[in-house]
Amino acid sequence: MIRGFLVRLGEGALTLLVIVSLSFFMQRLAPGGPFDHERELPPETRRALEAEWGLDRPLGEQFLGYLGGIFRLPPDLKRSMTRPDFGVTELIAPRLAVSLSLGLVVLLFSLVLGIGLGALAAARRNGFLDHAVMALALLGLALPNFVIGPLLKWVFAIELGWLPESRWVSPASMVLPVLATSALYVAIIARMVRSGLVAALGQDFVRAARARGFSERRVLLVHALPAALAPVIAWLGPAAAGLAVGSVVIERVFDIPGLGNTLIDAAFNRDYTMVMGAVIVYSAILIALNLLADLLLLRVDPRIGERR
Amino acid sequence: MRSAGARFRRHRGALVGVLVLVLVTMAVLLGPALLDRPPERQDLALGPTAPSFAHPFGTDYEGRDLLARVLAGGRISLLVGLVATLVSLVIGVVWGAVAGFVGGRLDRLMMRIVDVLYGLPYMFFVIILMVWFGRSLVNVFIGLGAISWLTMARIVRAEVAGLAGRDFVLASRLAGVSPLGALLRHVLPNAAGPIIVYGTLTVPRVMIEESFLSFLGLGVQPPAASWGSLLAEGASLFREYPWLLFFPALLLSATLLALNFVGDGLRESFDPGEARR
């Protein structure tokens with residue numbers, strides 16, 4: 001198992017390397033660059049700028065130079081090309097911290113609420129509560145967060161004035177973005193947990209537990225729930241990665257200084273070094289969390305290891 | 001033992017979903033011809049007005065009829081959903097089937113390529129496409145098509161790899177059926193359930209992604225509209241003119257709900273284990 005994990009780790013590192021190379025060449029071969037402004041620069045200024053950043057050297061050499069920086073400890077992500085007074089690392093770190101903390105809160109909130117609602121629906125299957133929960137979940141799936149976001153902002157921040165409208169100032173400013181982001185995740189988790197539980201309840205090991213006289217609640221939560229959580233964990237890897245790097249839409253709606261918009265802004269400004277920094281952070285998180293989800297899955301359901 | 005079709009017809013939610021989809025499709029296809037107001041005709045003197053008899057959905061900031069715009073936008077949103085889903089079906093099924101059936105080194109290589117595309121931030125991909133080709137609907141199609149097939153390929157690969165070693169497939173090979181024949185005649189038909197179910201669920205996912213892109217100004221460009229770009233406009237102006245958010249949101253959500261209902265119905269029809277409650 002450890003050997004399998006090491007192989008996966010190596011594959012992940014290789015995947016990251018390919019992604020970094022692809023992004024590097026994709027943005028460098030695309031027309032335009034960081035020094036194309038509305039106002040045309042004088043040719044000599046432009047040449048001086050390009051020489052300063054090493055953009056006049058062959059592309060392959062620049063690429064190797066950049067890779068050399070990444071593999072240093074601590075990695076050197078260079079300075080931002082549009083804000084040369086700052087290093088890419090120091091620009092990204094605080095935004096990553098915001099996205100990570102927001103993502104973690106959303107994840108915990110969605111897991112607790114989603115598993116709770118899903119278990120409730122399964123316990124009362126085909127009853128009123130089941131239908132109510134599943135109808136709510138469908139609504140969560142069908143309403144995009146850029147509809148939920150402005151609506152929440154309107155009701156709670158503007159009409160009622162209970163919570164700050166936007167800006168990242170206090171823990172209270174986290175409430176509305178967390179709610180707007182969680183709706184979809186709660187819905188997905190509740191549906192997966194419900195259908196997993198309903199499937200598990202029909203299986204022999206659950207019937208055996210019932211036959212031994214355990215209470216229905218205990219059978220549901222102790223015996224059936226772990227089996228029902230396997231698909232949730234498999235889904236959690238990519239979902240958590242998406243949360244960790246921040247939702248572009250939610251960041252726009254609530255004025256959150258997170259990581260999502262960093263990449264978009266950098267790509268629009270053609271800030272080569274910022275784009276690379278954001279891509280590396282984004283892809284590394286995605287790959288790492290997927291690996292973690294695979295490992296967790298092995299612990300929950302050892303049969304998966306044999307099938308590989 | 002009833003067939004999947006019969007089980008689907010018993011699923012009331014799914015039937016309502018199909019009905020809603022048919023109605024929405026007919027409305028966006030035929031509606032603009034029946035309305036005598038082109039969606040891009042401005043009436044600056046009129047400006048934004050609340051829903052009325054002349055303009056059932058109201059008008060927007062430039063005095064354009066919102067009903068006409070919502071219907072025209074629906075065409076683009078549905079088209080994007082369908083085209084990207086078809087792309088995901090064709091590429092994803094072929095890719096996943098080849099990887100899963102051939103196995104070995106080719107399988108590993110093909111799935112690593114999927115991993116790479118999956119790990120590449122696709123917003124960045126879309127922006128680079130825009131730099132190359134300018135802002136156009138084609139970029140939306142390419143960008144969404146490029147990511148939407150990845151999950152399909154993973155699902156099909158897992159299904160096909162599981163089926164490829166089964167006795168009935170080996171038996172057909174021993175009986176002289178070519179590898180391609182065995183894949184097409186014996187393996188893929190047995191993987192049809194997950195493919196159809198996931199394909200149905202791809203449509204709403206892609207439609208939401210399109211509306212994200214349009215919301216961020218990366219997708220459909222004015223004066224053309226999609227439900228996403230109308231929602232973006234509505235979200236920024238809805239305090240003064242709530243109908244600008246309400247009607248596009250209503251149409252998009254109803255369509256997404258209907259698609260999810262149909263997907264659920266299909267899943268339960270193809271996987272009766274789950275339907276048995």
Side-chain angles (χ1 to χ4, degrees), chain A residues 11-12 14-16 18-19 22-23 26-27 29-32 122 125-126 134 137-139 141-147 149-151 153-154 158-159 184 191 195-196 198-199 201-202 238 241 245 247-249 252-253 260-261 263-264 266-268 270 275 278-279 282-284 286-287 290 307, chain B residues 13 108 111-113 115-121 123-132 151 158 161-162 201 204-205 207-208 211-213 215-216 218 227-228 231-232 234-236 238-239 242 245-246 248-249 252-261 264 267-268 271 273-277:
Chain A
E11 280 176 357
L14 200 65
T15 309
L16 184 59
V18 176
I19 290 173
L22 264 179
S23 316
M26 257 166 57
Q27 69 164 340
L29 295 175
R125 58 192 165 284
N126 293 329
M134 284 303 111
L138 271 174
L139 215 59
L141 287 187
L143 280 176
N145 56 9
F146 52 78
V147 174
L151 282 178
K153 206 160 122 174
W154 180 48
I158 296 161
E159 291 297 316
L184 176 67
R191 280 161 56 100
S195 76
V198 168
L201 285 177
V245 294
S247 154
V248 185
V249 173
R252 290 266 167 110
V253 172
N261 276 308
L263 179 61
I264 309 276
F268 269 122
R270 307 305 303 281
V275 167
V279 167
Y282 177 100
S283 303
L286 191 79
I287 292 170
N290 273 318
R307 261 185 266 146
Chain B
R108 292 186 81 82
M111 293 329 280
R112 288 299 85 74
I113 293 177
D115 286 351
V116 165
L117 287 176
Y118 193 77
L120 201 67
M123 290 280 187
F124 164 66
F125 185 63
V126 172
I127 294 175
I128 293 291
L129 280 177
M130 243 171 53
V131 171
W132 273 105
T151 310
L201 295 176
R205 233 179 29 132
M207 285 177 64
I208 286 203
S211 54
F212 274 159
L213 289 179
F215 184 81
L216 297 172
L218 299 174
W227 284 341
L231 279 169
S236 65
F238 82 104
R239 272 171 233 167
L245 183 66
F246 178 76
L252 177 65
S253 302
T255 309
L256 294 178
L257 257 172
L259 284 163
N260 276 305
F261 268 124
D264 281 357
R267 185 177 17 221
E268 285 172 19
D271 186 4
E274 198 166 328
R276 200 184 53 217
R277 307 172 199 216

- How close do S253(B) and A142(A) get, heavy atom to heavy atom, and via which atoms?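 Looking at all heavy atoms of both residues, the shortest contact is OG-O, 3.4 Å.
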
- Task: Taking all heavy atoms of M26(A) and all of I128(B), pick out the closest pair and write down the distance.
- Result: O-CG2, 4.0 Å

- Residue part contacting chain A, namely of I127(B), when any heavy atom lies under 4.5 Å: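 Looking at I127(B), just its side chain touches chain A.
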
- P204(B) versus chain A, heavy atoms under 4.5 Å apart: side chain, backbone, both or neither?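 Neither part, no heavy atoms under 4.5 Å.
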
- Query: For L29(A), is it the side chain, the backbone, both, or neither that has a heavy atom closer than 4.5 Å to a heavy atom of chain B?
  - Reply: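 Both backbone and side chain of L29(A) come within 4.5 Å of chain B.
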
- Query: Where does L14(A) contact chain B at under 4.5 Å (heavy atoms): side chain, backbone, both or neither?
  - Reply: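 No part of it gets close to chain B.
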
Based on non-hydrogen pairs under 4.5 Å, which of [options] is most in contact with chain B?
| options | answer |
| --- | --- |
| L138(A), V147(A), L139(A) | L138(A) |
| S23(A), G12(A), P144(A) | S23(A) |
| T15(A), L263(A), I287(A), L143(A) | T15(A) |

- Sequence-distant partners of F212(B), ring pair (Phe, Tyr, Trp, His ring centres under 6.0 Å), two or more places apart: F146(A)

- Counting heavy-atom pairs under 4.5 Å to chain A, which of L259(B), T255(B), L231(B) comes out on top?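 Most heavy-atom pairs under 4.5 Å with chain A: L231(B).
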
- Is the backbone of V249(A) close enough, under 3.5 Å, to the side chain of R252(A) for a donor and an acceptor to pair up by distance? no

- Message: Is it the case that over 12 heavy atoms from other parts of the model lie below 6.0 angstrom from the CZ atom of R108(B)?
- Response: no

- Who pairs with L286(A) by side-chain contact (heavy atoms from CB on, under 4.5 Å), at least two apart in sequence or on another chain?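 Listed in chain order: A241(A), N290(A), Y118(B).
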
